[in-house]
**Student:** 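Questions regarding the structure given below will be posed in turn.
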Amino acid sequence: MKFRMSDTLFTAIRSSLDADLTRTFTNLVVYTPYGIVRGKVSRTMTDSISRAHDAKLENVSRVRIETDILELDDAEVEHFSSHLPTANFPKLYVKMDEILSFAFDVQALS
């Protein structure tokens, strides 16, 4: 039986947040073809996905976002190319099919 990366990742994120109900976000590191991305996933984003209809969700600006996109806050991209610097973004959207693997950054939570 095969599982989609998005199903696996969102289940892991929900489990991480459910482990401590007082926490409003979890720190996540994702590995992509273009670099390592570190950011925060908020509880409100995962709650929205749980309530999504037709595999889509609607944010406050009424823009429809596919659930195959991961929304990260306070994101940092460490590019693999030596000519590209590290970049910081207040919000970054990563396509799920670009995520090769992921890890939770527990040191940042301490």
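No hydrogens, no waters, no symmetry mates; every other heavy atom, side chains included, goes into these values. In this chain, residues are counted from 1 in sequence order.
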**Student:** Examine Phe102 and Leu72 and state if one hydrophobic cluster contains both, with Ile, Leu, Val, Met, Phe, Trp and Tyr joined whenever side-chain heavy atoms are less than 4.5 Å apart.
**Tutor:** yes

**Student:** Hey, does Asp97 have a side-chain heavy atom less than 4.5 Å from the side chain of Asp68?
**Tutor:** no

**Student:** For the hydrophobic clusters of this structure (ILVMFWY residues joined by side-chain heavy atoms under 4.5 Å, transitively), does one cluster hold both Tyr31 and Ile69?
**Tutor:** no

**Student:** Report, one line per pair, each donor and acceptor closer than 3.5 Å where one atom sits in a side chain of residues 73-80; sequence neighbours left out.
**Tutor:**
residue : atom : partner : partner atom : Å
Asp73   : OD1  : Lys91   : NZ           : 2.5
Glu78   : OE1  : Arg38   : NH1          : 3.3
His79   : ND1  : Pro85   : O            : 2.8

**Student:** If you look at every heavy atom in Thr26 and Leu17, which pair is closest and at what distance?
**Tutor:** N-CD2, 3.8 Å

**Student:** Going by side-chain contact (heavy atoms from CB on, under 4.5 Å), name the residues that satisfy it together with Pro33, two or more places apart in sequence or in a different chain.
**Tutor:** Glu98, Leu100

**Student:** Out of curiosity, does Phe89 fall in the hydrophobic cluster containing Tyr34 (side-chain heavy atoms, cut-off under 4.5 Å, transitive links)?
**Tutor:** yes

**Student:** Is any side-chain heavy atom of Leu28 closer than 4.5 Å to one of Ile13?
**Tutor:** yes

**Student:** Ser16 side chain to Ala12 main-chain N or O, any donor-acceptor pair under 3.5 Å?
**Tutor:** no

**Student:** Determine the sole option in Leu92, Ile99, Ile36 for which the side-chain contact (heavy atoms from CB on, under 4.5 Å) test with Val30 is passed.
**Tutor:** Ile99

**Student:** Assess the residue pair Val41 and Phe104 against the criterion (side-chain contact (heavy atoms from CB on, under 4.5 Å)); give the C-alpha distance rounded to whole Å, side-chain angles, the decisive distance to 0.1 Å, and a yes or no.
**Tutor:** CA-CA 10 Å; Val41 179; Phe104 292 96; over 6 Å; no

**Student:** How about Val29 and Val37: do any of their side-chain heavy atoms sit closer than 4.5 Å?
**Tutor:** no

